[in-house]
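Contents: one structure, followed by commentary.
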Amino acid sequence: MSETAADGAFVAFERVQKSYDGETLVVKDLNLSMPKGEFLTMLGPSGSGKTTCLMMLAGFETATHGEILLDGVSINNIPPHKRGIGMVFQNYALFPHMTVAENLSFPLEVRKMGKSDRDEKVMRALGMVQMQDFAGRRPSQLSGGQQQRIALARALVFEPELVLMDEPLGALDKQLRETLQFEITNLAHELGITVVYVTHDQTEALTMSDRVAVFDDGRIQQLAPPDELYEAPQNSFVAQFIGENNTLEGVVQSINGKHCIVKLDNGDTIDAMPVNVSEVGERTKVSIRPERVEFDKSRLHADAHTLKAEVLEFIYMGDIFRTRLRVAGRDDFVIKSRNAPDQVRLKPGSQVEIGWLAEDCRALDA
């Protein structure tokens, strides 16, 4: 699923592998290329290889095989401090004995910059994250959100072209995370910097990125813009990992171009798009997003495919209603519907007919 590193890419992994014990590959034959100015997120569960890729790019880990290129130059043998890359970690990594201004000044001193230039750059970087008034404080006098802003300013102060972020918002509460997601994305686009961002939070990946690389088992399962990942997952791992998803299991009965008929395990048959199946008799997991399913007859499209269902739970969630149903012998089928004045509210135990369009139903690998 991964793409081959292209000529002219700003960041490129070419057939990169990583093993810690000489036997098990944590990263398997990774090819990935990024243009300048892209905000790319590496998303995946723990142990999927995403953080190892970031650490190899930073220079804190060495690739066992393959090459990592920055602006066309191999950086495999360049030490971390000479790569000119900004880093932001979850634990902030600020020096506790230094003031905010001194923390920001440190990477500039290492680069042998004169004092007046340093002071100017420090105040400019603090201005970017709205923290000019905190220059004289120490990290212990700041909240978690303020410390993360300072860590971000320190990564930007020497004007790197590439910034790496490893779960930078993981320790913050929901509201602050959302504010900082917005600020980081805006700042990256304003400054035109290239960002590689690592997270296991899918919402964060979908809201912040130009493209997302979904990792599992040391490989990129799919690399695409957020809307494509959500609307058109290429395999059942991506469908399950990104957003909420309904899965029905069965066997492919026929394939005709962009349509296939799937016989579900309970005997029902449904229409689907054959995305990751190729032959009759193959087992498949059919994926349907909860917001693509209707149970209100008046909203059902004439071409909609329908199945009988039993309502198990109806949950009011403010902006949406979440209904859990028994469908084709499974008790975990969910419909999300907008909280509108005319929306039907279903009672547990009631029998309904639910429906969706065939193109919203994807037959994926089993």
Side-chain angles (χ1 to χ4, degrees), residues 10-11 34-43 50-51 54 57-58 84-95 98-108 120-213 225-227 229-230 242:
F10 182 56
V11 176
M34 286 178 68
K36 204 170 226 169
E38 182 172 53
F39 195 119
L40 179 115
T41 296
M42 293 179 171
L43 173 72
K50 59 190 189 301
T51 300
L54 192 83
L57 186 51
I85 295 172
M87 288 285 302
V88 187
F89 298 99
Q90 182 176 339
N91 63 359
Y92 320 131
L94 298 171
F95 297 116
M98 291 184 182
T99 64
V100 163
E102 287 164 348
N103 262 286
L104 264 69
S105 189
F106 182 74
L108 303 176
E120 187 187 323
K121 282 191 188 299
V122 164
M123 289 319 287
R124 204 171 114 221
L126 287 175
M128 286 177 195
V129 296
Q130 289 101 46
M131 292 290 287
Q132 306 95 307
D133 301 342
F134 296 83
R137 294 201 192 176
R138 293 190 192 279
S140 60
Q141 297 171 297
L142 303 173
S143 69
Q146 289 170 335
Q147 287 187 57
Q148 195 51 285
R149 280 197 169 91
I150 298 306
L152 179 61
R154 188 184 55 188
L156 298 172
V157 72
F158 61 92
E159 294 163 15
E161 291 185 302
L162 175 63
V163 175
L164 311 182
M165 302 193 186
D166 188 14
E167 303 268 7
L169 309 179
L172 307 177
D173 64 59
K174 185 174 182 291
Q175 204 167 357
L176 188 55
R177 278 179 87 135
E178 287 170 1
T179 305
L180 278 173
Q181 283 168 15
F182 181 68
E183 286 182 18
I184 289 171
T185 314
N186 276 0
L187 199 52
H189 288 142
E190 265 172 43
L191 299 174
I193 52 175
T194 309
V195 177
V196 179
Y197 192 100
V198 162
T199 184
H200 63 270
D201 183 317
Q202 350 151 344
T203 310
E204 199 160 275
L206 293 176
T207 52
M208 296 179 77
S209 322
D210 296 318
R211 284 190 306 165
V212 180
D227 55 343
L229 271 187
Y230 184 84
I242 304 281

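In this chain, numbering begins with 1 at the start of the sequence shown.
Under 4.0 Å is where a charged nitrogen must lie from a carboxylate oxygen, and between R154 and E102 no such pair does. Taking a cutoff of 4.0 Å between a charged side-chain nitrogen and a carboxylate oxygen, E178 and K174 qualify as a salt bridge.
Minimum interatomic distance between V195 and A188 (heavy atoms only, all atoms of both residues): CG2-CB, 3.8 Å. The shortest non-hydrogen separation linking V129 to R149 is O-CD, 3.1 Å. Among all heavy-atom pairs drawn from P226 and D210, the shortest one is CD-O, 3.5 Å. Annotation for A155 and V88: closest pair CB-CG2, 3.5 Å, computed over non-hydrogen atoms. The nearest pair of heavy atoms linking F158 to P107 is CD2-CB, 4.1 Å. Shown here for R211 and P35, the closest heavy-atom pair between the two residues is NH2-CD, 4.1 Å.
Annotation: the span from L164 atom CG to F89 atom CZ amounts to 8.5 Å, rounded to 0.5 Å. To the nearest 0.5 Å, the span separating CD on Q181 from OG1 on T199 amounts to 8.5 Å. Here CE of M208 is found 12.0 Å from CG of L40. Values are rounded to the nearest 0.5 Å. Residue L94 holds its CG atom at 8.0 Å from CG of L142, rounded to the nearest 0.5 Å. The structure places CZ of R177 at 8.5 Å from OG1 of T203, a figure rounded to the nearest 0.5 Å. Note that CG of L126 and CG of D133 are 9.5 Å apart. Values are rounded to the nearest 0.5 Å.
A side-chain N or O of Y197 and one of E204 form a donor-acceptor pair less than 3.5 Å apart. At a cut-off of 3.5 Å, with distance as the only test, no side-chain donor of T194 or E38 sits close to an acceptor on the other residue.
The side-chain heavy atoms of V100 and M131, taken from C-beta on, include no pair separated by under 4.5 Å. Side chains of R137 and T99 form no contact here, defined as non-hydrogen atoms less than 4.5 Å apart. Side-chain contact between P139 and N103: present, with at least one pair of heavy atoms (C-beta onward) separated by less than 4.5 Å. Between M42 and H200, every side-chain heavy-atom pair lies at or beyond the 4.5 Å cut-off. Looking at L187 and L152, their side chains come closer than 4.5 Å, going by heavy atoms from C-beta outward. Side-chain atoms of L156 and I193, non-hydrogen and from C-beta on, do get closer than 4.5 Å to each other.
Under the 3.5 Å distance criterion, the side-chain polar atoms of Q146 are matched with a main-chain donor or acceptor of S143. A donor-acceptor pair is defined here as one N or O able to donate and one able to accept, closer than 3.5 Å; such a pair exists between the side chain of S209 and the backbone of A205.
When the options I184, T41, L54 are evaluated for a side-chain contact (heavy atoms from CB on, under 4.5 Å) with M165, the one that passes is I184.
More than 12 heavy atoms of other residues, nucleotides or ligands sit less than 6.0 Å from atom CD of Q141. For F106, the CZ atom counts as loosely surrounded, since its 6.0 Å shell holds 12 or fewer non-hydrogen atoms of other residues, nucleotides or ligands.
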>> Does E190 form a side-chain contact (heavy atoms from CB on, under 4.5 Å) with M128? I'd like the steps, not just the answer.
In response: CA-CA 10 Å; E190 265 172 43; M128 286 177 195; over 6 Å; no
> Passes side-chain contact (heavy atoms from CB on, under 4.5 Å), I150 versus L104? Steps please.
Replying inline: CA-CA 8 Å; I150 298 306; L104 264 69; 3.7 Å; yes
>> For a side-chain contact (heavy atoms from CB on, under 4.5 Å) check, start with the C-alpha distance between N186 and E183, then their side-chain angles and the critical distance, and finish with the verdict.
In response: CA-CA 5 Å; N186 276 0; E183 286 182 18; 5.9 Å; no
> Checking side-chain contact (heavy atoms from CB on, under 4.5 Å) for the pair V163/I85: CA distance, chi angles, key distance, verdict?
Replying inline: CA-CA 6 Å; V163 175; I85 295 172; over 6 Å; no
